[in-house]
Amino acid sequence: MSGFRVQNRGLIDRHKTLSFQFDGKSCTGHPGDTLASALLANGIKIMGRSFKYHRPRGVWGAWFDDSNAIFNISLGAIQLPNCPAATTYLEDGMQARSVNTFPSARFDIKGVLDWFSPFLPAGFYYKTFMRPNWHLFEPTIRKMAGLGKLDGNIIEEYQSDQIHQSCDLLIVGAGPAGLAAALSASQKGSSVVLVDDHDIAGGSSYQQQSNIENKPASLWIRDQIAAIAGNGGRILLSTTAYGIYDHNLVALIQDSGFGHAPRLWRMRAKRILIATGAIDRQITFANNDRPGIMSAVGALEFLGRYGVLVGKKIALLSNNSHTQNTANLLREAGAEVETFDTGDNSPVAIGGKKLRALNIDGKSHSCDVILASGGLTPVVHLWRHGGGRLEWNEAIQAFIPAQATTGMRAAGAANGIYELDEALADARAAALDQPSPKVQSAYQIKALLPDINSKKRQWIDFQHDVTVKDIELAARENYSSVEHLKRYTTLGMASDQGKTSNMAGLAVMASLQNRTISEVGTTTFRPPFVPVPFELYRGVKRQQLFNPPKRLALEAEHRNVGAAMGEYGGWLRPAWYGDDDPHNTIRKEVISARTHVAIIDASPLGKIEIMGPDAEKFINFVFYNTLTTLKPGKIRYALMLSERGIVYDDAVITRVDQNRFIISCSSSHVEGVNNALEGWRQDGNDPDRIFVHDTTQNWATITLSGPKAGELLSKLDMSIDLSPDAFPHMTFRQADFLSVPARISRVSFTGDPSYEISVPTLHASALWSAIAKAGKSVQAAFIGVEALSILRAEKGYIIVGKDTDGETMPHDIGFSQPRLRKESAFVGDRALHTHAANGQNRRQLVGLMVKGNECKIVTGAHLIDQSGSKPRSIGYVTSSYDSPTLAHPIALALLENGTARIGESVAVWNQGDIRQATIASACFYDKGGGLLNA
Amino acid sequence: MTKTYSAFNIIKEAFKGHKGWSPAWRSPKPKAQYEVIIIGGGGHGLATAYYLAKNHGVKDIAIVEKGWLGSGNTGRNTTAIRSNYFYPESCALYDLSVRLYEKLSIELNYNVMFSQRGLMVVFHSEAEMEMAVRGMNAMMLGGTDARLLDANEVKQRAPLLNYRADARYPIHGAVIQERGGTARHDAVAWGYARAADALGVDIIQNCEVKDVIIEGGTMTGVETNLGPIRASRFGAAIAGHSSVLARMAGYQLPIHSYALQAFVSEPLKPVIDVLAFSSTYGAYISQSDKGGLVIGGGLDRVPSYGQKGNMPMQENVLSGIVEFAPALAKVKLMRHWAGIVDVTPDSSPLIGPSGVEGLYINCGWGTGGFKAIPAGGYLFAHLLATGSHHEISRPFDPSRFQSAQLIDEGAASGIAH
Amino acid sequence: MRDDRDKWAPAIGAERPAIKNTHLQLSVLKTQRQTLISGPYKKCLDICKLPRATSWPQTATGNNYAVRLRRDRILVIDGPSLDDGWHDDAGVSVSDMSSAYILVEIKGEAALDLLNRGADLNVDIASGSVVRSFRGFDVFIYRWQSETQFRMHFHHANLEAIWQLSQAFEKQIVEYNRR
Amino acid sequence: MQQFPCPFCGLRNEQEFHFAGEAGKTRPDTMKEVSAEQWSAYLNHYNNPMGKTCEIWVHLPCQEYFVMQRDTVTMEVFASEQIRKDLK
């Protein structure tokens with residue numbers, strides 16, 4: 001059926017024919033068609049059903065102002081839900097299905113719902129479905145609701161490109177006004193970006209077949225584009241500005257074609273010019289939702305862009321002068337057109353699925369299409385996103401941008417200026433940020449107040465089936481604010497977000513309340529201007545590039561010896577080594593560490609250097625422990641607190657010399673500790689006398705731990721005396737390793753003698769090889785983080801954040817002295833003496849033991865007090881392991897008043913199961929600490 | 001006039017063109033003097049007035065609201081309701097709320113559509129699962145329902161989520177609170193408003209408090225755009241803007257205001273029947289009865305009173321949700337917005353005296369105000385009526401900051417909702 | 001037990017082929033030395049004997065130069081060997097960071113296009129420092145020798161991620177130019 | 001996406017910044033008696049103004065701490081100034 005296609009009109013490529021299906025019916029179209037234009041050309045008017053009553057719906061607008069024709073579209077393996085027919089370009093082989101219909105939009109069985117509409121007024125669901133219970137009704141209602149179907153398939157290549165850009169002037173809308181403005185600004189040397197959501201510039205000029213500045217429109221447009229490009233201006237087509245955010249950031253979505261992810265431009269513009277034009281407003285009259293009733297502007301768009309004449313016998317109903325030429329244009333294209341003034345007579349559309357006539361004053365005028373034009377409505381959404389105010393203009397019966405806000409102007413039809421020459425002058429002035437010339441508008445419009453007493457149904461929101469009666473009901477029930485009205489009736493909450501329904505709804509409310517539209521006000525315009533896929537926000541941030549972990553310099557070496565890599569504190573680290581059963585492997589690693597020596601990659605440990613003459617004073621303030629007494633070459637364990645006295649991190653601090661300290665903090669806290677140090681440095685200190693360098697990644701650290709650690713280290717030939725007296729626990733040495741500076745810290749996270757050897761990362765591999773080679777003779781084993789976690793738990797060494805929580809203070813984990821004795825101020829000091837800090841029932845770190853033949857306690861189990869009527873949590877298990885060293889399960893826990901209860905029994909509660917454990921000191925291995933000094 | 005809402009009355013009214021429904025509430029002119037004035041006509045304020053009138057017999061109550069009722073966070077949230085908190089004090093508070101929600105539609109004769117479809121917090125590693133067990137046990141001991149799900153059970157409940165091998169964070173399991181769910185947010189405000197109005201409460205919309213009247217250290221009135229209104233007691237429930245009133249009345253609060261953004265997609269046929277949270281992805285999702293996917297995440301990083309969305313947090317939340325449920329990549333965002341929330345240092349609310357005699361505050365709910373509406377109103381009404389705390393609200397008294405007895409749910413849960 | 005050894009492609013370190021197309025080349029460079037010097041700006045320059053440290057959008061030249069990282073910090077590339085620690089006479093703190101930072105070079109007409117997919121670079125907005133956030137990673141980006149040749153430093157532990165990002169961006173640029 | 005002026009680096013996108021508290025608070029001298037009220041006020045009392053505000057921010061990449069005056073409603077930024085004393 002090409003009956004509606006008009007020869008020699010439109011921008012489509014008629015040499016090629018594209019096939020597609022709609023609701024199972026085969027159709028054809030041409031490149032350049034949208035699905036809506038192609039369907040109209042195929043003589044199909046019913047393209048969807050409304051949301052609530054499943055009334056048949058035809059297309060209303062020709063672009064983003066249509067909320068009726070929404071399809072699920074499949075093309076090959078790709079399926080996309082909720083594609084608007086009016087803005088989706090046709091591709092060969094598309095299978096389109098109208099949403100929420102069965103079996104088709106034309107014969108939808110749920111159409112019977114319309115018969116029950118008297119029982120389903122606005123907000124009926126708030127008044128019923130309460131007894132016995134909403135849950136009884138909800139599943140059915142959920143199935144009835146919803147539009148598109150999501151197929152659940154993932155399009156692997158669907159990845160948005162995201163770009164930052166900036167410009168002096170961003171112009172939204174490449175119609176005549178936008179083009180003129182872009183040329184003016186670019187001539188003055190501004191960097192200009194002009195965007196338009198169509199795939200071709202020209203805007204409304206395709207509706208009117210008139211000349212622009214005495215040139216045929218197509219020539220004028222071509223000349224402007226060439227001149228803009230010549231001046232360095234850029235034009236982005238198929239690109240929609242969908243939101244203006246703080247500080248003139250404009251979000252642009254650039255379409256890449258069906259099934260391809262769009263591109264996101266984050267455009268920072270010094271100035272923004274809104275030249276988005278105007279759309280047609282609907283007319284509220286009886287049966288105005290019938291398929292075949294359309295926007296008059298939309299009809300001209302279908303004709304001008306796609307060569308589609310929407311009807312053969314057209315009734316044109318208008319209240320404004322903008323449609324003066326419309327009838328002529330349609331007649332030229334071959335339609336029979338009768339024009340009607342809205343006047344004060346009551347129009348009624350006659351017909352069901354097929355429109356038959358327009359009744360005016362009881363007189364029937366047969367037609368197959370009614371074009372309704374309730375007046376031009378400037379597209380001011382972006383203006384509002386950008387914080388611009390609106391004012392009601394009585395003469396043109398529209399909200400238009402009020403005076404300019406900083407960095408933003410509107411021009412042309414978007415600014416309420418509809419005559420071409422005036423719009424061009426307005427745009428050129430706005431482009432150069434000059435005052436707009438005063439214009440005397442020739443545009444005439446009659447105020448359009450709906451007949452609120454009509455017995456017939458008059459539709460306001462076509463998708464959501466909101467009628468005048470619904471609004472009247474809402475008003476009667478005192479949902480009188482415009483936001484209440486919207487939320488109660490769902491007016492304007494359709495997928496076009498009120499583009500077609502807002503003004504009509506306001507007019508009804510104004511009539512009902514005897515107020516003016518400006519007094520009723522508008523609802524908020526919120527981004528996005530058109531719906532945008534979530535993918536737009538994701539881009540490359542996916543899978544491995546979603547918060548990727550840091551990589552060790554020695555990763556290849558670890559993999560060579562079979563490391564199972566796991567993520568710990570933001571780093572990918574060896575969890576254990578080998579392919580055998582992990583539990584058994586980890587157990588063996590622990591035993592090797594206890595009996596011989598373990599080799600551990602500890603490179604992620606922090607190495608933050610504090611340097612300068614005030615370093616000592618500074619570090620003594622930032623840390624809980626007293627550090628002024630730390631001698632060069634010595635190491636001390638210290639806690640960092642928040643000002644609330646909560647343990648934030650623990651670190652070993654090395655004093656290298658008088659003016660230099662190295663803070664070895666937890667690997668996951670390096671950034672946080674560094675930031676905290678910088679904050680205190682710049683606040684209240686002389687920053688020229690203290691410097692903080694995070695050198696963590698300059699150094700690779702390999703820890704040797706175990707009875708044979710010293711023996712292994714001695715084989716590396718770094719010429720240092722390793723005897724316990726010469727190099728005792730908690731001291732530091734600098735040495736050379738293969739002519740490279742090396743640092744050796746004798747500190748332990750296992751309870752056995754340990755040496756942390758650090759060399760510049762570029763030499764890590766050499767150190768690793770030397771240790772691996774030397775390690776063979778002492779049965780050294782590579783061990784991963786899992787075994788290390790067990791080793792440290794056996795010794796009762798905490799992991800901050802795991803064995804502490806947001807309430808833990810230093811005296812809860814056995815560090816009481818500085819709180820009572822430290823002689824200078826430190827971060828968090830006062831907070832350690834509050835009512836809560838002095839409390840008797842603080843949760844303290846303890847160990848828990850169960851019998852050797854019992855299974856280990858579940859980490860996360862709670863400790864309970866059973867003395868009351870129901871169990872009360874008095875703490876919980878933070879770490880729990882089967883200890884290979886001790887051959888029985890061990891656990892660490894935070895327990896109310898725990899240290900005083902050592903030796904007692906406590907009930908352990910997990911998901912209702914209760915067992916007993918014995919409270920112990922948090923140290924299970926070498927309690928005397930003699931081994932550390934061996 | 002038809003007052004009672006029921007299917008029968010809808011049918012009856014249908015034959016009269018629905019002309020007989022009475023207004024849901026009146027639009028009274030303010031009197032010069034009330035016994036109690038509630039500042040803020042959001043969920044908490046409306047619920048407070050309702051319970052004051054119903055449970056405590058206070059009849060002379062006005063609510064002053066600067067905009068339309070429910071225009072603050074009540075109408076701007078993601079409608080999640082849950083009581084899966086760590087500390088027993090929080091469990092008691094939020095579980096009271098869930099229990100009140102369970103009966104609310106019938107109590108108010110207004111369908112608030114409380115849908116207990118289950119709320120699932122998903123965990124992505126062994127370390128997270130340990131925290132999950134800790135939290136789940138805390139909930140059970142605190143009197144809230146909770147159950148551990150393994151990865152397969154999670155998949156059965158929410159096949160939409162990412163179970164692919166290349167998922168950045170695999171799903172190890174979840175803790176589900178079956179009684180958690182969503183409600184229709186506006187309906188909660190409207191239901192309370194209608195019920196309070198029926199009990200004689202004057203709900204005065206478009207009435208902005210411009211200043212407070214304090215005489216001899218006691219608050220005796222408010223200056224509004226409709227003139228001064230006096231009362232003997234005042235309750236402020238103005239989430240997001242609590243500091244503004246504090247400044248008028250001369251006290252300071254442990255509150256920063258932040259925008260919290262929310263997102264809704266175009267309606268889809270049902271794809272997920274449970275609320276799924278992931279703090280690792282920094283996002284959560286549910287599907288409304290209308291079919292829109294409702295998505296939320298963390299607070300903005302910049303303190304503000306700007307009730308609008310912005311891109312940095314959008315990118316965080318939406319990229320997170322797509323990695324969490326990759327099939328959503330092609331689903332379209334229809335609308336996003338923001339509410340201004342009061343954020344306290346411990347992410348727990350403040351209920352108690354303001355420091356100014358006669359003025360009590362209910363604020364600091366952070367991201368969790370909507371779920372707490374019934375309990376917040378119930379407990380605040382108790383405080384306003386009796387001058388002393390209900391046992392459940394006592395731990396949330398503002399004095400906890402001086403004694404440092406914080407209820408730090410933020411630290412306990414990782415991400416605040 | 002977590003065993004993600006197969007989930008993550010093995011890290012291969014700095015020895016790797018360039019990312020290359022007709023508009024773009026991204027490759028890892030070797031440096032002799034990178035030295036972090038903190039202190040009053042003039043004093044920082046004095047100790048390494050350089051006249052200035054490059055800021056944005058200035059162009060660094062030669063092999064021995066410095067870039068400005070902070071108000072009181074510079075990074076010297078291939079400068080003199082200095083001892084780590086506090087230099088009391090010079091009033092500056094020094095750390096050798098030769099092992100810490102990877103240096104990559106990005107050149108070609110599409111170089112800025114690639115960088116603007118990770119950062120928000122505007123050559124019209126001057127900046128005191130060359131430190132930026134590149135998709136959440138702290139990096140130093142500056143021009144070197146010419147206006148279309150850029151250098152970027154970042155922590156070595158982020159090399160795999162930034163490289164993978166750059167490959168994804170390169171693909172997007174190719175796609176963009178194709179359409 | 002807002003842009004904030006780091007006093008050293010100039011305008012940068014908001015993701016590079018971190019809010020570090022309201023300006024104008026002085027840490028009590030904890031070597032002297034500090035009452036519970038004073039300490040609590042230092043930690044917990046905020047002006048949190050709706051409108052013009054004065055805050056401490058840090059530009060994370062360059063770690064510059066600075067005081068910024070801005071408007072919490074309009075997001076207008078008025079001025080920023082380094083927190084550390086001026087370098088000679």
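Here is how names work: the chains are called A, B, and so on, in the same order as the sequence lines, proteins then strands, and each is numbered from 1.
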Note to self: Would B:V244 and B:R247 count as a side chain to side chain contact (heavy atoms under 4.5 Å, CB included) here? Give the steps.
What the structure shows: CA-CA 5 Å; B:V244 178; B:R247 178 170 259 197; 5.9 Å; no
Next item on the list: With a 4.5 Å cut-off on heavy-atom pairs, point out which of B:T344, B:I340, B:V302 contacts chain D the most.
Entry: B:V302
Notebook entry, point to check: If you count heavy-atom pairs under 4.5 Å between each of D:A36, D:G51, D:P49 and chain B, which one has the most?
Noted result: D:P49
Item checked: Parallel, tilted or perpendicular, as decided by the 30° and 60° cut-offs, for the rings of D:F19 and B:Y258 -> perpendicular
Notebook entry, point to check: Tell me, side chain or backbone of D:W39 under 4.5 Å from chain B's heavy atoms, or both, or neither?
Noted result: neither
Item checked: Region of D:F17 in contact with chain B, defined by heavy-atom distances below 4.5 Å -> backbone
Check: Taking the side chain from B:Q205 and the backbone from B:L69, do they hold a donor-acceptor pair closer than 3.5 Å?
Finding: yes
Next item on the list: Give the member of D:E14, D:R70, D:M50, D:E22 that has the highest number of heavy-atom pairs under 4.5 Å with chain B.
Entry: D:M50
Check: How long is the span from the OH atom in D:Y65 to the NE2 atom in D:H18, to the nearest 0.5 Å?
Finding: 7.5 Å
Margin query: Nearest 0.5 angstrom please: D:T72 OG1 to D:N48 CG, how far?
Written below: 7.5 Å
Note to self: Heavy-atom cut-off 4.5 Å, strictly under: side chain, backbone, both or neither for B:L253 against chain D?
What the structure shows: backbone
Next item on the list: Identify which part of D:N47 has an atom lying under 4.5 Å from any heavy atom of chain B, answering side chain, backbone, both or neither.
Entry: both
Note to self: Between D:K32 and D:D29, does any NZ, NE, NH1 or NH2 come within less than 4.0 Å of an OD or OE carboxylate oxygen?
What the structure shows: yes
Margin query: Assess the residue pair D:T53 and D:Y46 against the criterion (side chain to side chain contact (heavy atoms under 4.5 Å, CB included)); give the C-alpha distance rounded to whole Å, side-chain angles, the decisive distance to 0.1 Å, and a yes or no.
Written below: CA-CA 11 Å; D:T53 185; D:Y46 316 132; over 6 Å; no
Checklist line | Toward chain D, the part of B:R301 with a non-hydrogen atom under 4.5 Å | finding: both
Notebook entry, point to check: Looking at B:S257, B:P345, B:S242, which has the largest count of heavy-atom pairs under 4.5 Å with chain D?
Noted result: B:S257
Next item on the list: Measure from the side-chain N and O atoms of B:D346 to the backbone N and O of B:D408, and report whether any donor-acceptor pair falls under 3.5 Å.
Entry: no
Notebook entry, point to check: Who among B:G306, B:S304, B:P303, B:S243 has the most heavy-atom pairs with chain D under 4.5 Å?
Noted result: B:P303
Checklist line | Side chain, backbone, both or neither of D:M75 within contact of chain B (heavy atoms, under 4.5 Å) | finding: side chain
